[in-house]
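These notes concern the structure reproduced below.
Protein chains get the first letters and strands the later ones, always in sequence-line order, with residue 1 at the start of each.
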Amino acid sequence: MTDSPTRYPIRVYNTLTKTKEPFETIEPGRVGMYLCGPTVYAEAHIGHMVGPVIFDTIKRYLAFCGYQVTWVVNITDVDDKLIQRSQQRGISMFQLATQMTADYLSNLQSLGVDQIDRMPRATDSIDEIIAFIEELIQRGFAYESEGDVFFDVAKDPEYGRLSNRSADEQQGEGGGAASRKRSAGDFALWKSAKPGEPSWPSPWGDGRPGWHIECSAMSRGILGKTFDIHGGGLDLVFPHHENELAQSRCCHGQPMVRYWLHNGLMRASTEAGKVGGRSERDAGTEPNAGAEPATVTDAVSGKISRSKGAGGLASLIARHTGERIRFFLLRSHYRSTTIFGDEPLLEAGTALEAFYRLFDRFQRITGKSVYDLPFASRRADFTTPSIPNPLVSELLPLRESFLSKMDDDFNTGGATADLFEMARAINRFIDGQSLEENKSPVGIEALQQGMQILREMAALLGIFLKPVPKSSSDDSSGKLVGELMGLIIKLRADARVRKDFATSDAVRDGLQAIGVAIQDGKSGTTWQVKS
RNA sequence: GGCUCCGUAGCCAAGUGGCUAAGGCAGCGGAUUGCAAAUCCGCCAUGCGUGGGUUCAACUCCCACCGGAGCCUCCA
């Protein structure tokens with residue numbers, strides 16, 4: 001019973017054609033996917049996580065549909081900014097890159113991004129890069145000029161198609177390179193080294209790769225000359241992806257990529273940057289940037305920008321948990337601009353709490369952790385229960401709805417609606433069967449089967465995979481705390497039996513004040529630490 | 001100036017040429033509760049920026065305008 005991916009009507013929006021197209025792989029059942037990763041010269045900010053989270057989700061989904069996916073994310077560890085920043089800090093470029101790569105990786109881990117197969121570094125690929133440049137020169141698409149090598153944009157009639165621009169309107173890179181270029185739009189493939197800069201020997205003298213060439217060289221090395229999906233932020237469409245595309249197509253005489261997928265950018269929710277509000281530009285007032293402690297934004301536009309010093313993702317994750325941030329990112333469509341701030345993140349957390357409470361409830365009834373439940377990892381593996389299960393019958397249409405939204409350009413925002421509907425159906429089932437009071441084996445079995453469906457769908461989004469550390473059911477809260485709470489609840493229950501509500505309410509209010517919420521249910525009192 | 005994209009209830013946010021325009025947060029009623037909380041049920045956009053046009057029919061297509069964002073230089 002192999003799963004044939006072609007049976008699923010997946011459609012993706014392709015930036016190159018500006019339309020949604022049926023997803024068909026080059027090689028049946030296999031997907032090569034490349035995402036432009038970070039230039040590791042500074043700490044990551046939340047905007048850098050949009051791509052990794054959505055592509056992580058895309059990979060999970062494609063794998064679920066039966067594809068064998070190879071996902072590559074590159075690390076740009078040589079670049080002008082890296083050199084500049086490392087000199088400022090008095091460390092080597094390699095030290096800086098190592099530190100910032102570690103920061104990036106830990107952020108990915110916090111957000112549950114663990115599907116990446118290969119993370120090649122530019123500096124590990126110098127030989128491939130040089131070989132690629134040599135091929136371009138041989139084919140007449142690049143030229144050497146005083147130790148630099150440039151791509152000759154004029155030689156590529158298709159240049160500009162991805163970003164819908166014509167080559168002659170380009171300003172090109174600034175600096176002193178202009179005099180060495182044939183035309184302004186030409187971009188560097190190889191940059192000659194100035195004294196003291198990190199460099200590698202090449203046929204054109206010591207130097208380093210230009211920005212775009214590494215992606216062409218590394219994607220070819222791992223995924224081949226033509227591969228299925230290339231992704232990145234919308235801001236990379238021009239010039240980065242346009243240039244990559246030109247290099248690879250001209251070098252190989254075949255298309256580089258089947259589908260170009262671009263995620264929307266993130267904006268901070270400053271007063272001025274608010275959608276519908278007046279822009280700072282028009283208002284002509286001095287912007288007050290830095291309202292968000294975790295990010296520094298471009299004061300004029302509200303855009304999150306690392307060049308303005310944005311970063312501090314780690315503290316944001318500490319405040320909100322990685323799962324909350326991930327869920328927040330997946331609640332809207334990946335191509336849309338997302339407004340980011342503490343408020344929307346808090347709201348995502350509130351929404352998530354309902355699921356966590358359901359999971360606690362599940363554990364009280366079944367004695368099992370939701371996180372230990374098995375679930376189908378392939379779309380075709382799902383089998384309906386042999387015994388009629390009213391809960392599963394209710395959940396299956398929601399599962400179909402969820403999957404059809406994911407089929408449609410990975411509409412995670414639409415799909416989350418079905419997750420909420422599932423949670424409601426499960427709660428309704430528990431209420432209707434009074435499962436917390438009379439734990440009927442038939443009901444419990446039905447509940448578990450139902451919960452597996454919710455779990456299966458959530459796993460596609462990369463959420464609810466493991467317990468959130470703050471949950472009271474988690475032993476990280478401490479055994480002692482659990483025992484103390486047990487004692488407090490027992491004493492309070494005694495007070496309630498005596499109808500001494502003044503005492504019981506005082507206990508509840510007191511706990512509330514220190515961040516512990518309690519609920520009196522029919523089968524006892526539950527509690528959790530509020531985040 | 002050129003090129004893209006967006007404008008859906010108090011807020012966030014899916015979606016569609018034609019049945020009752022998802023879901024979440026907040027709010028309001030009800031069930032439940034000693035009271036709460038949680039959970040469940042119900043309510044909450046005669047309308048999808050504004051004005052035209054195409055069409056039997058548009059929120060969905062086209063045009064104009066207003067407002068917002070991005071790219072055109074490094075940027076996820």
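A/Arg496 has no side-chain polar atom (N or O) that falls below the 4.0 Å cut-off from OP1 or OP2 of B/G34. Distances shorter than 4.0 Å separate some side-chain N or O of A/Arg428 from OP1 or OP2 on B/C41. Remark: A/Asn263 is not in phosphate contact with B/A76, judged by side-chain N or O atoms under 4.0 Å from OP1 or OP2.
Between A/Gly37 and A/Asp431, it is A/Asp431 whose nearest contact on RNA chain B lies nearer the 5' terminus. With RNA chain B read from its 5' end, the first of the two nearest nucleotides for A/Ala502 and A/Thr416 is the one closest to A/Thr416.
As rounded to whole Å, 15 Å separates atom P of B/A22 from atom CG of A/Leu398. Atom CD in A/Glu394 sits about 12 Å away from atom P in B/C40, given to the nearest Å. Rounded to a whole Å, the OH atom of A/Tyr334 is 14 Å from the P atom of B/C5. Between the CG atom of A/Leu419 and the P atom of B/A14 there is a distance of 16 Å, rounded to whole Å. A/Tyr356 has its OH atom 17 Å from the P atom of B/G24, to the nearest Å. In this entry the distance linking NZ of A/Lys522 with P of B/C40 reads 15 Å, nearest Å. The CD-P distance, from A/Gln433 to B/C40, rounds to 15 Å in whole Å. For the pair A/Glu343 CD and B/C11 C1', the computed distance is 10 Å after rounding to whole Å.
Shown are A/Phe359, A/Phe327, A/Phe362; of these, the ring pair (Phe, Tyr, Trp, His ring centres under 6.0 Å) with A/Phe464 is made only by A/Phe359.
As rounded to the nearest Å, B/G30 and B/A21 have P atoms that lie 27 Å from one another. Rounded to whole Å, the P atom of B/A22 lies 14 Å from the corresponding atom of B/G15. Comparing the C1' positions of B/U55 and B/C62 gives an interatomic distance of 12 Å, to the nearest angstrom. Nucleotides B/U4 and B/G23 place their C1' atoms 29 Å apart, quoted to the nearest Å.
Here B/A76 is the nucleotide among B/A76, B/G68, B/G34 with the atom lying nearest to any side-chain atom of A/His45. Here the side chain of A/Arg331 is nearest to one of B/A14, B/C35, B/G23, namely B/G23. Taking the side chain of A/Arg165 as heavy atoms from C-beta on, and the options B/C71, B/A36, B/A76, the nearest nucleotide is B/C71. Comparing B/C35, B/C3, B/A38 by their nearest atom to the side chain of A/Asn164 picks out B/C3.
Of the possible donor and acceptor atoms, one in the side chain of A/Arg492 sits under 3.5 Å from a partner among the backbone N and O of A/Ser504. Under a 3.5 Å cut-off, the side chain of A/Asp409 and the backbone N or O of A/Asn411 do not form any donor-acceptor pair. Side chain of A/Arg455 to main chain of A/Val370: a donor-acceptor pair is present (N/O by atom type, distance under 3.5 Å, no hydrogens or angles). Of the possible polar contacts, one joining the A/Asp56 side chain to the A/Gln115 backbone as a donor-acceptor pair under 3.5 Å is found.
Checked by distance alone, A/Glu421 brings no side-chain donor or acceptor within 3.5 Å of a matching partner on the base of B/G23. Not a single donor-acceptor pair, N or O on each side, falls under 3.5 Å between the base of B/G15 and the side chain of A/Asn411. Under 3.5 Å, the side chain of A/Arg357 and the base of B/A38 form no donor-acceptor pair of N or O atoms. The base of B/C40 is not paired with the side chain of A/Arg424 by any donor and acceptor separated by under 3.5 Å. Not a single donor-acceptor contact under 3.5 angstrom links the side-chain atoms of A/Asp79 to the base of B/C74.
Residue-nucleotide stacking is not present for A/Phe420 and B/G24, judged by a side-chain ring centre under 5.5 Å from the six-membered base ring centre and planes under 30° apart.
Using a 4.0 Å heavy-atom cutoff across all strands shown, A/Arg361 reaches sugar-phosphate atoms only and no base atom. Residue contacts shown for A/Leu234 are absent, as no nucleic acid heavy atom lies under 4.0 Å away. Counting any heavy atom pair closer than 4.0 Å across all strands shown, A/Ile518 reaches a base atom.
In this structure, B/C40 and B/G30 make a Watson-Crick or G-U wobble pair, each of the two defining distances being under 3.5 angstrom. Base pairing analysis places B/U55 opposite nothing; no Watson-Crick or G-U wobble pair with both distances below 3.5 Å involves it. Pairing partner, B/G10: B/C25, with both Watson-Crick or wobble hydrogen-bond distances short of 3.5 Å. In this entry B/U73 has no Watson-Crick or G-U wobble partner, no candidate having both defining distances under 3.5 Å. Pairing of B/C5, defined by two Watson-Crick or G-U wobble distances under 3.5 Å, is identified with B/G68.
Ring centers of A/Tyr13 and A/Tyr259: at least 6.0 Å apart, outside the cut-off.
With salt bridges taken as basic N to acidic carboxylate O contacts below 4.0 Å, one links A/Arg161 and A/Glu158.
Rounded to the nearest 0.5 Å, atoms CG (A/Leu313) and CG (A/Leu111) are 6.5 Å apart.
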